[in-house]
Amino acid sequence: MNNIKNDILGAWSSVHGCLEKKLPGHAIHAWFDPIVPIGFRNNSFLLEVPNQFFLEWIESHYKDDLFMALEETYGEKIKYKFLISKEKGQKNMERPSQNVAVETKSRKFNNLNLKYTFKNFIVGSNNEFAKTASESVANNPGEQNFNPLIIYGGVGLGKTHLMHAIGNQALKNNNDLNIVNITSEQFTLDFVNSLRKNKTIEFAQNYRSSDILLIDDIQFFRGKEQTQEQFFHTFNVLHQSGKQIVLTADKFPGEMKGLQSRLLSRFQSGLSVDVQPPNFEVRVAILLEKAEQNGLSLDYSTIEFIARHIKNNVRELEGTIIRLLAKSSLLNIEINNQLVAEVVRERVGGRIGNEVSIENIVKKVSEVSQVKESDIVGKSRKMEIAEARQISMYLCRDIMGTSLNNIGMFFGGRDHTTVMHALKTVNEKKANNVRMEKVITSIRKELGFSFL
Ligand code: ADP
Ligand code: MG
């Protein structure tokens with residue numbers, strides 16, 4: 001027993017083996033591969049996990065499996081305990097660092113998320129300038145006119161990512177740099193705590209000793225006059241001594257409300273860069289990257305389907321991938337088209353198909369069938385024309401759920417029984433006719449609905 005307790009890696013590989021027998025591959029990959037076995041303490045097997053979310057997920061979904069695998073390995077009941085990885089712990093990063101004012105070296109609370117790098121930041125016309133400016137600042141902090149650098153834009157578009165990437169890259173270039181990375185709320189909290197404890201001098205020193213000061217989401221300074229005043233002084237001290245300041249905000253500084261004008265005018269001396277929502281191609285690239293990061297292999301039509309529907313921001317794209325992973329783990333099934341459609345539907349609230357219009361469908365059918373669009377919506381009863389029309393009607397109903405009446409109206413003012421007949425005909429032909437099936441599949445694919 002003691003021997004086996006000493007061979008932690010061997011034991012973990014056996015536990016892993018037992019789990020592999022019970023759980024689907026993607027669940028193992030997503031939740032168990034990243035675990036690092038640490039050792040035994042107080043008769044508990046210590047396991048390091050990347051973050052709090054991980055810990056909670058495993059606790060709520062795989063607790064029994066884990067217990068059983070441990071028991072199988074050791075031949076007796078064994079307890080386990082999770083530790084959250086210090087380096088990468090997202091939760092650590094988010095926790096307000098209380099009492100930082102009394103800590104002497106601010107490096108202790110730089111809390112940079114190592115996941116956020118320039119390398120894994122996907123560039124498109126929507127964020128190219130912001131990334132270039134950020135990289136330049138990371139490589140020459142304080143040396144150019146980009147001081148402060150302000151990255152602004154909507155939610156989930158990569159502002160925090162870029163800011164952390166600046167910190168990570170600058171540290172890579174020079175490990176001695178003192179990087180202070182904090183959200184505006186943490187800054188406020190630290191300041192308030194320093195007031196309570198009569199440590200405002202330490203507070204000020206702490207921030208003013210930084211080589212690079214990164215403050216996230218400065219819009220939350222809104223209306224906090226005293227905090228803004230502190231920030232103003234810190235800003236001036238750093239700026240005058242050529243230290244780099246990087247800020248993020250939800251709006252262009254000139255449009256920010258509730259911030260003192262002397263601050264806003266300071267901001268103008270630097271560079272403001274914006275991040276915009278990604279276009280379709282960038283969304284596809286991001287999804288491919290995030291799927292790979294999460295060990296998911298999705299085929300291209302799935303990626304494209306998600307990219308067509310999830311459009312607002314990158315966080316949602318990422319969330320969709322995580323949700324897919326979570327759902328397939330939870331339901332214990334491999335990822336299939338139905339699951340993808342379900343997850344996307346949950347996110348867009350049934351708005352699937354909004355992109356597609358009757359006109360679009362007719363256009364595609366016309367391309368594929370070589371029947372003119374005007375004929376498809378016209379009166380002709382010629383066989384190939386009638387068939388193209390029926391297929392168009394079928395797709396309108398199937399993809400968009402358009403009412404029979406509306407379909408009839410659009411296609412040459414026919415009544416709903418004609419439409420019903422068309423749908424029935426297509427269904428029958430589809431079942432017996434490979435060519436028909438192929439045509440419909442290819443049109444669906446072109447419209448981005450290959451698997452609904
Ligand atoms: P913001 O701070 O603008 O609200 P974040 O930086 O937190 O947004 O980004 C949300 C998520 O999306 C993060 O996980 C981030 O890594 C990811 N992300 C955003 N933009 C990109 C991009 N261009 N390439 C790769 N990942 C991105
Ligand atoms: Mg952010």
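As a basis for the values below, the full set of heavy atoms in this structure was taken, side chains included, without hydrogen atoms, waters or symmetry mates. When a ligand or atom number is given, it counts from 1 through the structure's own listing order. Only a predicted model underlies this, so the values are computations on that prediction, with no experimental measurement involved.
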- request: Could you list the residues that satisfy ring pair (Phe, Tyr, Trp, His ring centres under 6.0 Å) with Phe232, not counting sequence neighbours?
  value: none
message: Holding to ring pair (Phe, Tyr, Trp, His ring centres under 6.0 Å), I want the full list of residues that pass it with Phe45, two or more places apart in sequence or in another chain.
response: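 For Phe45 the ring pair (Phe, Tyr, Trp, His ring centres under 6.0 Å) partners, ignoring immediate neighbours, are Phe40.
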Proximal protein residues to ligand 1, non-hydrogen atoms under 4.0 angstrom: Tyr116, Asn120, Phe121, Ile122, Asn127, Gly154, Val155, Gly156, Leu157, Gly158, Lys159, Thr160, His161, Lys290, Val314, Arg315, Glu318
message: Do the side chains of Asp211 and Lys243 get close enough for a salt bridge, i.e. N-O under 4.0 angstrom?
response: yes
message: Can you tell whether the side chains of Lys81 and Glu48 come within less than 4.0 Å, N to carboxylate O?
response: no
Neighbour count >12 (heavy atoms, 6.0 Å) for atom CG, Asn145: no
query: Under 6.0 Å between ring centres, would you say that holds for Phe221 and Phe187?
result: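 Here the rings of Phe187 and Phe221 have centres that are less than 6.0 Å from each other.
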message: Taking the six-membered ring for Trp, are Tyr207 and Phe231 closer than 6.0 Å centroid to centroid?
response: no
- request: Establish, yes or no, whether the cationic atom of Arg308 lies under 6.0 Å from the six-membered ring centre of Phe280 and within 45° of the ring axis.
  value: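 Satisfied, under 6.0 Å and within 45°.
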task: Could you tell me whether the side chain of Leu296 reaches within less than 4.5 Å of the side chain of Leu325, counting heavy atoms only?
output: yes
- request: Starting from the Mg ion (ligand 2), count all protein N, O or S atoms within a radius below 2.8 Å.
  value: 1
